Number of protein chains: 2
Amino acid sequence: MRVSMSDVARHANVSMSTVSRVINGLEIVKPETRKRVEEAIEQLRYQPSGLARGLMRGRSELIGLVLPDLHGEFYSEIIRGADAEARELGYGLVISSIHKVGEDAPGPAIQHRGLLDGMALMVSELTDGIRRTLSDMPVPFVLLDNDLPGAPHDSVIIDQRHAVRKLMQHVIGNCGARRVIFLGGAESNVDTRARFGACREALEQSGLPLAPEDVYYLDFDYRTAFNLAARVIPSWAGSGAFVFAANDEMAAGVIAAASQAGVRIPDDLGVVGFDDTRIAQLTHPALTTVRVPMALMGAESVRLLCQRLQQRDAKPARVVLQPEVVVRASCGAANK
Amino acid sequence: MRVSMSDVARHANVSMSTVSRVINGLEIVKPETRKRVEEAIEQLRYQPSGLARGLMRGRSELIGLVLPDLHGEFYSEIIRGADAEARELGYGLVISSIHKVGEDAPGPAIQHRGLLDGMALMVSELTDGIRRTLSDMPVPFVLLDNDLPGAPHDSVIIDQRHAVRKLMQHVIGNCGARRVIFLGGAESNVDTRARFGACREALEQSGLPLAPEDVYYLDFDYRTAFNLAARVIPSWAGSGAFVFAANDEMAAGVIAAASQAGVRIPDDLGVVGFDDTRIAQLTHPALTTVRVPMALMGAESVRLLCQRLQQRDAKPARVVLQPEVVVRASCGAANK
DNA sequence: TGTTGGGCTGAAAGCGGTGTCAATTCGCCG
DNA sequence: CGGCGAATTGACACCGCTTTCAGCCCAACA
């Protein structure tokens, strides 16, 4: 069975208080005593129980990171950033994907909330169930990549609107786009909505209509985009048309379909994506896209959360991260 | 401040024991009482403290997953599999990358061990520091992708040797390879070693020498492999030469360099990789590689660990996962 | 009507630490 | 040599929940 603090105390012939002091580095322990205790700890291979300590202190030093999914580079970058920051700040990171979020589901399957000091969470759709879960959240949390203005929690958001606008300006201004075809994920998806909205706005400002038949809602997937493009790409090619895919995977699918159909990118059709994932550098031609600072988003959300855990009553913070347009060959800007 | 169980008890006019019974679903509570308690819980938005419960029960239902790094599809797949399985089994997953593992470092920076019931860990190099950390581990753990025969813990390993052998047999037998160039990561890296060893063995059995000057230790990176290949690829091309890169990234780098140098793949040079990551489907030609069941590895390690938490004294298990050779165009087998 | 035996419920003892406060021990001053 | 404050250390009350174990109430039985 486990060796506990009282075992160490007995072994070192001191009281538990003293052992506790040694462990926590309080300086009021006589060097000689300290040494005895440390030896006992070493010999007994004593490992303090985080549970007991957490219970006393009223915090576990554990924070949750809940993501819509764990698949893809996108999320792994968030995790990476969050992990680095959490380590820095001395917190442990409990990671979980949202399991099933049905219509009426109570929201994220956060089994272990009773153990967490706070949570960073990202949801792909803001259903009522999720809204309810959020408002009932028993611990502080920060919302990632989701704009819920005026809400009483911290949030880290990506200024997608601005980025898309810059991208569209580039495509129209520098690359001579005269028609834009939009490829989104699910229509209810928050990112799809944000990117679509910004795209339409930007086009309107440029006097370029976004024709309803040029808007496709797919599923963020390479294959699906490929299939669609394989079918209808002839109707896109030429005439200064540009595909704006809401993520790089779909853009890559379009490029592949184009190559197969003999449609030249960017000459016959421009293609731009979003995310700047690994795939963007591997398409032929390489993909013009928007680099989203994923790792930074993970890190910032952890930072914000831990900050809040220190200052519970500070007013809600809102960190806005700016993505960056990355120009490569697929939009043809290099040619102009 | 937090609402605790005694608040609920007072509110429902029962004792804490009864509240506890209701929460844990013990059936010996009178329906009427149960209802009162449930209402109190609802009204007070009571959320039991996992810390206290864990302390009493002697387990936190939290397991750690420690990976060498969090970057790349590879690791994110492991996390995904582990997350799914952990959720299934009712455990929370604490994820962390190994931070610095210097020569003398005590090993993984596992701050939060005192909170974990067990750990699944994967290390990229088995230094003495790590060995020591392992043998001192205060909780059960399973080792991923690392062969430490006879050790007293569970492990999940990939039978890389077998997979590489099959790959080599394919390349030699079906594709007519007559010379193999090996591209590894760091020489001390466990995967590099395993893949190199298996490669050399397989070649020896086929009577094909692996020339020392055909062995390169790089860093698993696209760029590095590209640069190397850009320099020396002329000396590789022709004569039935095949590059065996120890991961897909490097293989992709070689293919890109070949394309730039006008070396035709697979006609002038065959290329095969390892891992079957996303990139393998995106190279031109698509990459023949070895599919490693990453998600399964994550899931299996969690399963094994949780099993051990039930049966502490069962004898160490060892799950061997078989990778699979995925033949695509880069080895030229389709031509034969 | 006195027992007996369930079915429910409550009191209390921890789980393994932390932190407060009092007690003990000294070094040193008057 | 007694007194004092600083330096150390110990005793003990909790943190919030689980889990015996005992107690209470009441129907059933004799």
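In this text the structure is predicted, and so the values were computed from the model without any measurement. Just so it is clear: chains get the letters A, B, ... in the order the sequence lines come, proteins before strands, and each one is counted from 1.
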Taking N or O atoms only and anything under 3.5 Å, show me the protein contacts with nucleotides 16-20 of chain C, one pair per line.
| unit_1 | atom_1 | unit_2 | atom_2 | d |
| --- | --- | --- | --- | --- |
| C:dG17 | OP1 | A:Tyr46 | OH | 2.7 |
| C:dG17 | OP1 | A:Ser49 | N | 3.4 |
| C:dG17 | OP2 | A:Met5 | N | 2.7 |
| C:dG17 | OP2 | A:Tyr46 | OH | 3.4 |
| C:dG17 | O5' | A:Tyr46 | OH | 2.8 |
| C:dT18 | OP1 | A:Asn24 | ND2 | 3.2 |
| C:dT18 | OP2 | A:Ser20 | OG | 2.6 |
| C:dG19 | O6 | A:Ser17 | OG | 3.4 |

Pairs under 3.5 Å (N/O, protein and nucleotides 24-27 of chain C):
none

Side chain to side chain contact (heavy atoms under 4.5 Å, CB included) for A:Ile95 and B:Asp83? Distances and angles first, verdict last. CA-CA 8 Å; A:Ile95 294 188; B:Asp83 171 66; 5.6 Å; no
Is there a side chain to side chain contact (heavy atoms under 4.5 Å, CB included) between A:Ser49 and A:Arg2? Walk through the geometry before answering. CA-CA 10 Å; A:Ser49 153; A:Arg2 239 190 115 105; 3.9 Å; yes
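Within the structure, a side-chain polar atom (N or O) of A:Thr33 is placed less than 4.0 Å from OP1 or OP2 of D:dT9.
The terminal axes of the helix from C:dT1-D:dA30 to C:dG30-D:dC1, fitted over 5 pairs per end, subtend an angle of 70° to the nearest 10°.
Distance CD1/A:Ile157 to OG/A:Ser301: 13.0 Å, rounded to 0.5 Å. One finds the OG atom of A:Ser15 at 6.0 Å from the CZ atom of A:Arg21 (value rounded to the nearest 0.5 Å).
Between A:Asp117 and A:Ser60, the side chains place a donor N or O and an acceptor N or O closer than 3.5 Å (distance only, hydrogens not considered). With hydrogens and angles left out, the side-chain atoms of B:Arg80 and A:Ser97 include no donor and acceptor closer than 3.5 Å.
B:Arg36 places its CZ atom 11 Å from the C1' atom of C:dT9, with the value rounded to the nearest Å. At whole-Å resolution of the value, CD1 in A:Ile28 and C1' in C:dC21 are 12 Å apart. In this structure, the CG atom of B:Asn13 is 12 Å from the C1' atom of C:dG10, given to the nearest Å.
With A:Asp69 contributing its side chain and A:His71 its backbone, the two residues share a donor-acceptor pair below 3.5 Å. The main-chain N or O of A:Ala12 is found under 3.5 Å from a side-chain atom of A:Arg36 such that the two form a donor-acceptor pair.
Ion pairing between B:Lys35 and B:Glu38 fails under the 4.0 Å rule for side-chain N and carboxylate O.
In this structure, A:Arg34 places its CZ atom where more than 12 heavy-atom neighbours from other residues, nucleotides or ligands lie under 6.0 Å away.
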